[in-house]
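Some notes on the structure that comes next.
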Amino acid sequence: MLNHTPLAIQERSALRINPAKTCQPIGALYAALGIHRCLPYSHGSQGCCSYHRSHLTRHFKEPVMAATSSFTEGASVFGGQPNLLQGLNTVFTTYNPDIVAVHTTCLSETIGDDIPQIVGEARSQGLIPDGKFVIHANTPSYVGSHVIGFSNMCVAMAKYFATAVDTSRRRSTDKTQVNIVPGFVDPSDMRELRRLAESMGLRVSMFPDTAGVMDAPQTGKHVFYPDGGTTVEELKNLGRGVATLGLGWFASREAAVEVENRAHVPRELLDLPIGVAATDRFLEVLRFRGGTITADIERERGQLVDLIVDTQLHFQGKKVAIFGDPDHVLSLTEFCRDLGMIPVHILTGTPGKQFDRRAKEILGTKFDQTNVKRDSDLFLLHQLIKNEPVDLLLGNTYGKYIARAEDIPFVRVGWPILDRAGHSLLPTLGYNGAVRLVSRMLDALLDRRDRDAPDHEFELVL
Amino acid sequence: MSEVLAARARQVTRSGDGKAPIDCEKQSVAGSVSQRACTFCGSRVVLYPIADALHLVHGPIGCAVYTWDIRGALSSGPELHRLSFSTDLRERHVVFGGERQLTESLLELIERHHPNAAFVYGTCIVGVIGDDLPAVCKSVSEQTGIPVIPVQSEGFQGSKKQGYDAACEALLALIGTGDTTGISTHSVNILGDFNLAGEIWIITEYLKRMGVEVVANLTGDGRVADIRRAHGASLNLVQCSGSTTKLAMKMQAIYGIPFKKVSYFGIDDMAGALYAIAEHFKDPELLRRTRELVAEEIAQTLPVVEDCRRDLEGKRAAIYVGGAFKAISLVKALRLLGMTTVLVGSQTGTPEDYEYLTELCDPGTVIVDDSNPAELSTFLAEGKADLFIGGVKERPLAYKLGVAFCDHNHERKLPLEGFIGMANFAREVRGSVCSPVWQFAPRHQSAALGTDKEL
């Protein structure tokens, strides 16, 4: 299928081939699913919402509920106000959410619908019942990527609810509350972050939190709003936190900044805790903010370190290509470097100079030996790999074409994973996540070694 | 009917309740959790299986991503259709227009991949920012010498149905431009089959055995050169009536080619389709070969069906698919497996489709148009369904309710058309309905809407 990819790389100014990103609204929709009893709402044509729901369902293997303004020709000419008014009325009378999170699309952005004004109109018309909330994020599809859409909806959560808490109204529990913006990660990862922080004696306000929503157990019923998700109450109390940890610059920075600006809670910006070093830094910040590193956590770390020591010879000097969402790629790059691998190509579809800046910090003197590409696509990644082959490919499902064409061991990590299951239940983040990652990378490398070994070199013990 | 949106009450009916005909072909209510897609989606799914054409999505990145290789529309040769090409419009293009971007992209792609034609899909904002798609296509076509066809499929025009129409217009731009010499009098075009899991190859093989020439596939495993000479065929076979009936009607008007609506799902409808084709050509030899073929195939299929029927007798099924014509075949196929249908619905059925379904189904069967998850799960629980047949958005719903599932949409992995397809369908349904996993999975704990206070 990829026999169309030529070796020679030419500059392309006007064209994306096999994208390594998608549009903002799907990120906003996913983030909104992480609010308790929230119905995400897509203000645009009904195809957008349908595509986002299908795509998220393919990754999470869960039903995804979201409503749409179902734009028509008329809306595209005269504006979408009537659709949003009717839509909000339908949503509250039929689906009874506690909160609706509206995001825009390229269409409603281009025609210039003013969401706060329309929501204000809905409120004055009595379409929004008392005690119910409507928040919004502008998510033009022609800016940024799905990661930025996720970030924008996280910012909206902070913008609508976070407020400063007077010293006089402080509770004794406040000094153990940390806020965490987990980034565009799986519910398994959010669960793991919470477990780690809570085991350190901290109270966690995580937003968004899709654990319990997008990894719901089979119960024999379809629950429209599963139990999980950040409550509005929690969002209103973000100001009580001792810090807001934003995990991943691209997905979480802006929301942590927003909480700081509105509620005067200091922000702590960290990489996504993938691998030993990044998880160490995450826990170190939690410790600094009042948590205690427990013996269990030390054991988990020790086991991970034991595993990478035991297996380091297999990783030593192996060339790896990493692609996907920028926060994932950066942390994976650091972890691969720490395992003794050589990150030869790292690539993201999301634009933003911070990708190069952080890559430079992580790779140090080896930065020049790595192809660092942002705002790019998988056609280019394939060309890069053809020009400089690798031993391992790390990335989302879309990497399978390249892995097959070039016969490269491939480990699926990130979003979306459309052809495997289990990722929403088993974490990639934290020490436990790293154990799973190392184990899968090792499987991929050694399965390949076994497959390719001539009979006399095919060994029982590796 | 408290459990459905009040405004939707007329889009739900029950077979045998003597109610007024179902209200369909209308816009979804704003704010509903509709399972429907958009115009762009409709055009894209119809045209994308043309494997030696370039398919360029003109718009922001999402529209290209969500339609990138999501259907297993197999090709026996080129696979250019499986790549994702997008102009990836940015803010500056929204302000200043994206025509230059589009021209450059087309020229570069055509130079590199040498496609036999190019389709350019207009998405929502292209309609709003006012890019002149036809003008760009015309100019690039003149420069490159290949047909470059605009597909006016702005998403806001409606549901998939409007997209089907735009796709038909695009196909009509190709049809009639090729040489038709040497085409047999016993010849057909296959319309509305997208070669999921290789299904069109099964149908083509039957036709070959009957002695019928296939001129063009529209569009599964489709080729530009074949489509250009499609007007030379004597008959159009229309499956997936929703997507290509309009095309067949236009080809009849322009080229005088008659068409037959057929379905390749289930033994009855498959055999019926082949006989209808044979009778059309009024050739006794062809009819004899068809009888032999049908007898031979049924003899191989029936034992499988009967074997599966032993386990499935009396089980209850629910159907929610894109097109109503397919739903009709499924009701019949399920009956052959001894199963009853408690719910049947589609995203884009016509009044005639629903009228026929109402007659066909047992009294009490719920019939819905443009449904939503809350409604579907209510009816699944109410009808105590053991099996749900649907697409990607319906699958997790079924599984959450502890109901077996069969994908009869673009994520099916086994061919379900033809006689062999009926055997595959029977095995897949039995496999899912009788899976040992259900012993651990509670079924139908409560209806989601109306009775579930949690909502």
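Chain naming here is simple, since letters A, B, ... match the order of the sequence lines and numbering starts at 1 in each. The figures here come from the full heavy-atom set of this structure, side chains too, leaving out hydrogens, waters and symmetry mates.
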Worksheet item: Are B:S377 and A:K221 linked by a side-chain donor-acceptor pair shorter than 3.5 Å?
Response: no

Fill in: Contacting region of A:H52 [heavy-atom separation from chain B under 4.5 Å]
side chain

Practice prompt. Measure distances from A:L378 to the heavy atoms of chain B and classify the residue's part below 4.5 Å as side chain, backbone, both or neither.
Written response: side chain

Discussion item. Does any backbone or side-chain atom of A:Q10 lie under 4.5 Å from a heavy atom of chain B? Answer side chain, backbone, both or neither.
Written reply: side chain

Fill in: chain B contact via A:L2 - which portion, at a heavy-atom distance below 4.5 Å
side chain

Item to complete: Please check if any side-chain donor atom of A:Y398 sits under 3.5 Å from a side-chain acceptor atom of B:D69, or the reverse.
Response: no

Worksheet item: Checking salt bridge (Lys or Arg N to Asp or Glu O under 4.0 Å) for the pair A:E62/B:K400: CA distance, chi angles, key distance, verdict?
Response: CA-CA 8 Å; A:E62 289 289 312; B:K400 277 284 177 277; 2.8 Å; yes

Item to complete: With a 4.5 angstrom heavy-atom cut-off, could you sort out which part of A:A75 is near chain B: side chain, backbone, both or neither?
Response: neither

Discussion item. Donor-acceptor check, side chain of B:D88 to backbone of A:R16, threshold 3.5 angstrom: yes or no?
Written reply: no

Discussion item. Counting heavy-atom pairs closer than 4.5 Å to chain B, which one of A:N18, A:V91, A:I17 comes out on top?
Written reply: A:N18

Discussion item. Checking A:T22 against B:Y66: is there a side-chain donor and acceptor pair closer than 3.5 Å?
Written reply: yes

Fill in: Side chain, backbone, both or neither of A:S69 within contact of chain B (heavy atoms, under 4.5 Å)
backbone

Item to complete: Examine whether an atom of B:E108 lies under 4.5 Å from a heavy atom of chain A, and if so say whether it belongs to the side chain, the backbone or both; otherwise answer neither.
Response: side chain

